[in-house]
There are 2 protein chains.
Amino acid sequence: MSSSTHDTPGRAGVPGTPRGARARARIEVTEAIKDEARRQLAVDGAAKLSLRAVARELGMVSSALYRYFPSRDDLLTALIIDAYDSLGETAETAHDAVADAGPVRRWTAVCEAVRAWALAHPHEYALIYGSPVPGYTAPRTTVPPAARVGLLLIRIVRDAHRGQGVAKTPLPTELRTEAERLAADVAPDLPPEVVAVLVAAWAELYGLVGFEVFGQFNRIVEDREPFFRHAVARLAHSVGLVHG
Amino acid sequence: MSSSTHDTPGRAGVPGTPRGARARARIEVTEAIKDEARRQLAVDGAAKLSLRAVARELGMVSSALYRYFPSRDDLLTALIIDAYDSLGETAETAHDAVADAGPVRRWTAVCEAVRAWALAHPHEYALIYGSPVPGYTAPRTTVPPAARVGLLLIRIVRDAHRGQGVAKTPLPTELRTEAERLAADVAPDLPPEVVAVLVAAWAELYGLVGFEVFGQFNRIVEDREPFFRHAVARLAHSVGLVHG
DNA sequence: ACACAAACGAGAGCAGTGCTCTTGCTTTGG
DNA sequence: CCAAAGCAAGAGCACTGCTCTCGTTTGTGT
């Protein structure tokens with residue numbers, strides 16, 4: 001590969017990002033590996049993702065692949081991060097397209113984007129919201145990408161609650177302190193009552209999406225789009241969003 | 001097992017259910033295999049469940065195991081069915097203990113039983129509500145066990161709605177026909193408005209449980225029991241249940 | 001009571017896997 | 001210009017799911 005480009009990056013070269021032709025080739029190969037792995041993921045699922053098969057398809061030998069990913073789980077981790085980012089970006093794009101609309105509209109736009117992405121990439125969705133890989137615990141690197149959708153939902157609710165306070169159901173005393181800590185962590189400017197139901201709605205959204213993607217609605221819910229829309233509108237209502 | 005026991009089970013044997021000593025031995029070995037598989041499942045997760053390791057632990061050779069389960073996936077299927085049944089029975093027991101209480105109490109009892117079972121058996125929960133096994137589609141045999149919790153929730157809501165109609169939010173027209181079909185399928189005596197939100201609440205319950213079991217609440221929700229109780233109480237409210 | 005068929009456990013073997021280690025070659029930087 | 005680092009290739013280890021064959025055990029119809 002690469003032979004074409006006019007290389008000789010020069011002594012100095014760009015001081016910034018890629019230090020030379022080798023570095024560029026490295027990220028190119030790394031990306032090719034991830035692409036091929038994603039292809040196999042989409043076909044056979046994560047469990048059958050085989051390093052050897054990826055290498056074979058790329059015309060290299062399996063051991064060469066370990067120069068780029070120290071283990072199969074590390075490849076999976078890379079795919080997980082990419083999946084979180086892909087989902088997050090999809091959601092953000094969908095949100096920005098209706099950024100000027102009312103909070104309910106923005107909320108449903110995000111939820112429907114999540115659902116659409118999940119249906120379009122079921123195996124990648126399974127990777128990030130399905131059963132976690134057995135031995136493996138997600139490195140801290142995955143945290144920011146994983147938070148993107150949640151932060152979006154928080155932002156929508158925050159905008160809606162700015163100024164006019166919405167009627168909020170009181171918290172049970174046993175949840176009081178936890179809700180306050182939670183609110184201080186994720187949305188200091190929102191009342192704890194709202195944050196508690198918002199986090200719940202966040203999880204419930206993925207319950208709806210997961211049931212559809214994983215086939216739990218088979219032979220039960222048939223016309224799923226209006227069903228989802230209705231459920232998501234009720235979630236919006238439950239966190240205090242109103243039209244307008 | 002084996003060599004020690006006094007064997008020679010006798011000619012006739014019990015004429016009833018198991019047709020002979022051989023049939024009895026068969027279900028015994030089958031059960032032993034499932035037990036050992038469940039043990040390994042609890043330790044390493046489904047992905048690392050190894051037929052050979054199970055056989056090794058049981059003192060038999062791997063090929064012998066294929067007399068009982070034609071493939072690894074069939075073993076997993078058996079474990080899936082058992083998991084659904086275990087969860088269903090746990091939920092039913094928890095419900096029956098408060099069968100005379102009000103609908104909200106019964107609802108939360110079931111939800112908390114689901115959560116407790118999931119936390120106690122995370123890998124089995126992942127097996128039935130996590131990412132589905134790649135190639136594999138659940139046989140019809142899994143349908144009845146899988147339905148037990150859902151039917152329980154339906155029963156609670158049906159009892160509560162018997163007689164006094166509860167205020168129901170109107171359905172969007174696009175969901176009208178689907179909700180009616182859905183209601184006719186799962187709960188003909190409930191109004192479609194209620195069935196639609198009930199099915200949504202059912203999925204949302206597993207969103208809450210799944211996020212906790214799969215670690216999505218790590219570093220976010222700390223005191224999870226009151227959080228869950230509050231969310232579940234709101235779900236009960238959303239399907240029209242009231243105390244009393 | 002005997003014989004035949006089905007069920008069974010053991011072993012060898014195939015193709016595939018993740019991963020390690022060693023061997024040479026090429027690029028890079030001092 | 002040369003040593004050091006990066007790289008691809010190959011052999012090899014321990015493991016997997018699964019198949020096939022081969023004697024043996026067990027249950028049953030005659």
Side-chain angles (χ1 to χ4, degrees), chain A residues 1-3 5 7-15 18-30 32-33 37 40-41 44-77 133-136, chain B residues 1-3 5-15 17-30 32-33 37 40-41 44-77 133-136:
Chain A
M1 68 208 62
S2 73
S3 59
T5 40
D7 62 23
T8 57
R11 190 63 45 98
V14 269
R19 276 225 306 279
R22 191 146 209 169
R24 189 171 10 246
R26 180 174 182 83
I27 70 173
E28 233 169 65
V29 174
T30 305
I33 292 172
Q40 297 197 10
L41 189 70
D44 292 325
K48 297 198 176 172
L49 203 175
S50 151
L51 278 191
R52 290 183 116 111
V54 170
R56 203 180 306 132
E57 208 67 23
L58 261 51
M60 44 166 80
V61 84
S62 74
S63 58
L65 217 147
Y66 283 81
R67 301 254 168 211
Y68 300 88
F69 296 95
S71 83
R72 202 192 92 118
D73 281 3
D74 289 270
L75 213 196
L76 277 180
T77 301
V133 181
Y136 150 99
Chain B
M1 68 198 57
S2 66
S3 62
T5 40
H6 38 52
D7 62 23
T8 58
R11 190 66 46 101
V14 269
T17 16
R19 279 223 306 278
R22 192 148 208 169
R24 185 167 19 244
R26 179 173 184 85
I27 69 173
E28 233 170 65
V29 174
T30 305
I33 291 172
Q40 297 196 10
L41 189 70
D44 291 324
K48 297 199 177 173
L49 203 174
S50 151
L51 279 191
R52 291 184 115 111
V54 170
R56 204 180 306 133
E57 208 68 22
L58 261 51
M60 43 167 80
V61 83
S62 74
S63 59
L65 215 146
Y66 283 81
R67 302 259 173 211
Y68 299 88
F69 296 94
S71 83
R72 202 192 92 119
D73 280 3
D74 289 271
L75 214 196
L76 277 180
T77 301
V133 182
Y136 151 99

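All heavy atoms count here, side chains included; hydrogens, waters and symmetry mates do not. In what follows, every chain begins at residue 1, and chains take the letters A, B, ... in the order their sequences are listed.
If you measure from atom CD1 of A:Ile33 to atom C1' of D:dC7, you get 12 Å, rounded to the nearest angstrom. Taking atom CE of A:Met60 as the reference point, atom P of D:dG6 lies 17 Å away to the nearest angstrom. If you measure from atom CD of B:Glu28 to atom P of C:dC8, you get 13 Å, rounded to the nearest angstrom. Counting to the nearest Å, the C1' atom of D:dC18 and the CG atom of B:Leu75 are 14 Å from each other. Here D:dG17 presents its C1' atom at 13 Å from CG of B:Asp74, a figure rounded to the nearest Å. Regarding B:Gln40, its CD atom lies at a distance of 14 Å from the C1' atom of D:dC15, rounded to whole Å.
When the side chain to side chain donor-acceptor pair (under 3.5 Å) test is applied to A:Thr30, no partner is found at least two apart in sequence or on another chain. Remark: B:Ala25 engages no residue in a side-chain contact (heavy atoms from CB on, under 4.5 Å) (not counting sequence neighbours). Residues satisfying the side chain to side chain donor-acceptor pair (under 3.5 Å) criterion with B:Ser62, sequence neighbours excluded, are absent altogether.
Side-chain contact check for B:Val29 versus B:Arg67: every heavy-atom pair is 4.5 Å or farther apart.
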Where protein sits on nucleotides 13-25 of chain C, one letter per nucleotide: B base, S sugar-phosphate only, - none, heavy atoms under 4.0 Å: B---BBBBB----
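To the nearest 0.5 Å, atom OH of residue A:Tyr68 and atom CG of residue A:Asp74 are 15.5 Å apart.
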Just distance, no hydrogens or angles: give the donor-acceptor pairs under 3.5 Å from side chains in residues 50-58 of chain B, sequence neighbours left out.
unit_1	atom_1	unit_2	atom_2	d
B:Ser50	OG	B:Arg52	N	3.3
B:Ser50	OG	B:Ala53	N	2.9

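Counting any heavy atom pair closer than 4.0 Å across all strands shown, A:Tyr68 reaches sugar-phosphate atoms only and no base atom.
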